[in-house]
2 protein chains.
Amino acid sequence: MDKPNSQEQFDTETRILRAARQVFFKQGMAGARMQDIADQAGVNKALLHYYFRSKDKLFQTIFTQAFQTMLESFKAIIASPMSITEKLESFIHVYISNMRLNPYLPLFIITEINKRPEVFPRQLVPEHQQVDLKKLFAQIQKEIAEGRIAPFQPMHLIMNVLGMSIFSFIAKPMMIHMLGVNEKQYEHFLNEREAQIIAFVRSALKTS
Amino acid sequence: MDKPNSQEQFDTETRILRAARQVFFKQGMAGARMQDIADQAGVNKALLHYYFRSKDKLFQTIFTQAFQTMLESFKAIIASPMSITEKLESFIHVYISNMRLNPYLPLFIITEINKRPEVFPRQLVPEHQQVDLKKLFAQIQKEIAEGRIAPFQPMHLIMNVLGMSIFSFIAKPMMIHMLGVNEKQYEHFLNEREAQIIAFVRSALKTS
DNA sequence: ATATAGTTTAACCATCTGGTTAATTGATGC
DNA sequence: GCATCAATTAACCAGATGGTTAAACTATAT
């Protein structure tokens, strides 16, 4: 009948990667089946091994790329010449936009690292391109000292912003069941989310 | 050599349940192995089926109980006769305490609902014991109208508090790699977490 | 045309895994 | 002692799953 996926325009390797991303993101390493990925990509299962040797190798390719993606937006914002307030609001905007396109990404990363913490050593994030927290922390403390924002510990401030932004997406299924709302109501809620978080952070950081 | 687990004092069914919780929480439904659970409980694998019929049944037992646990603390706080500020701070305190004891619980619930959203219908949360949001929302709006707290939409306010509290625990492995800190530093950070979130929320809710 | 190299497929294999079963052990009442 | 019933175990089974392989197909160059 209908094709499992309309991606004939891409070459085989790309189609496998796209299919693998879909399946791994949704099912995780343990739950993903090579046959499912092959079906989704519309190719023979043996081709997965031809291009990527093993399930583990294919998974690592997907995972590493996903993790890098996550890191990149983070680092880009930190490096930019903005005020703290602007950076925080940029975080909120960027992460919420990204998650609208790719809601599974953060949860995927979190669960997979959680299951095999020993498998993801420093090697995954080479020393030279690690997030430079020191500069960001210094900037926050400077603005606090200048009285431009209320005093909060830098790491907690960042975690607050990330938590409010990311959690509302990854916990969507749980919250829908916990709060007893339906999909549509929750989507409406997510649409307001960015503005609401920004307002909340502004209020918290206001100097009295 | 040594026993896989020192729980000889419990009866077989309890030992299986405790072992299943450990394995399911960490590995998820797809990643968990019946043999692992049996080993962890120190019993023969056939006993798992003798007591719980199938992996699915055993999983459902664990999952339902975990989900109820999560709901109970939520509902208890909502029902209590506290002000909004007190309730929010109670949320923060209760969830952070619970997660110190059981860090895998929220992530477990989130990922499993995510993987099979169709399997968890309303039946899991019987109508009569669903979280009563209406009263809570009304209380929030009342306190806003009385000028006791700054105006934020109730559901966003709650999500903010839950996000800041829960996310810092479930994202621990990701944040450790993202921020390039070590386990010990992160544990120290988590110890300060409750006080920091409370301070942040208070500041945000202050009426100017 | 044909040789060559890369690509794709069907069939197959070994292992893992959830689940079953028949036999054994243990306790309890008579 | 022995009958009865629940609890426990070792051995086994069928299907699923990651992975392999030899053959077939395709395109490109000569």
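Per chain, numbering begins at 1; letters A, B, ... match sequence-line order.
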For this output row, return yes or no: ring centroids of B:Phe108 and B:Phe24 closer than 6.0 angstrom.
no

Counting only heavy atoms not in A:His93, do more than 12 sit closer than 6.0 Å to its NE2 atom?
no

Integer-rounded Å distance: D:dT17 P and A:Asp36 CG
8 Å

Checking B:Gln35 against B:Asp39: is there a side-chain donor and acceptor pair closer than 3.5 Å?
yes

Residues, nucleotides or ligands: over 12 heavy atoms within 6.0 Å of B:Arg202 CZ
no

Any carboxylate oxygen within less than 4.0 angstrom of a Lys/Arg side-chain nitrogen, looking at B:Glu187 and B:Lys172?
yes

Can you tell me the distance, in whole Å, between the CG atom of A:Leu58 and the P atom of D:dT17?
16 Å

What does nucleotides 22-27 of chain C look like as a protein-contact string, B for base, S for sugar-phosphate only, - for none, at under 4.0 angstrom between heavy atoms?
------

Figure out the CD1/P separation between B:Ile16 and C:dG18, and round it to whole Å.
15 Å

To the nearest 0.5 Å, atom CG of A:Leu88 lies from atom CD1 of A:Ile77 at 9.5 Å

Whole angstrom is fine here: how far is it from CG in A:Leu48 over to C1' in D:dG19?
11 Å

In whole angstrom, what separates B:His49's NE2 from D:dA14's C1'?
14 Å

If we count only N and O atoms by modelled type, under 3.5 Å, do the side chains of A:Arg193 and B:Asn160 hold a donor and an acceptor together?
yes

Rounded distance (Å) that lies between atom P of C:dG18 and atom CE of B:Met29
8 Å

Heavy atoms under 4.0 Å, any strand shown: does B:Ala32 hit a base, just sugar-phosphate, or nothing?
sugar-phosphate

So CG of B:Asn44 and OH of B:Tyr50: to nearest 0.5 Å the spacing works out to 13.0 Å

What is the distance, to the nearest angstrom, from the CD atom on A:Gln27 to the P atom on D:dA16?
17 Å

In whole angstroms, the gap separating P of D:dT21 from CZ of A:Arg53 amounts to 12 Å

What are the atom names and distances for every N/O pair under 3.5 Å that joins the protein to nucleotides 7-10 of chain C?
| unit_1 | atom_1 | unit_2 | atom_2 | d |
| --- | --- | --- | --- | --- |
| C:dT7 | OP2 | A:Tyr50 | OH | 3.2 |
| C:dT8 | OP1 | A:Thr12 | OG1 | 2.9 |
| C:dT8 | OP2 | A:Thr12 | OG1 | 3.3 |
| C:dT8 | OP2 | A:Tyr51 | OH | 2.8 |
| C:dT9 | OP2 | A:Asn44 | N | 3.2 |
| C:dA10 | OP2 | A:Asn44 | ND2 | 3.4 |
| C:dA10 | N7 | A:Asn44 | ND2 | 3.4 |

Looking across every strand, which nucleic acid part, if any, lies under 4.0 Å from A:Ala30 by heavy atom: base, sugar-phosphate, or nothing?
nothing

When the ring centroid of A:Phe52 is compared with that of A:Phe59, is the distance short of 6.0 Å?
no

Side-chain N,O (B:Arg33) to OP1/OP2 (C:dC16) below 4.0 Å:
no

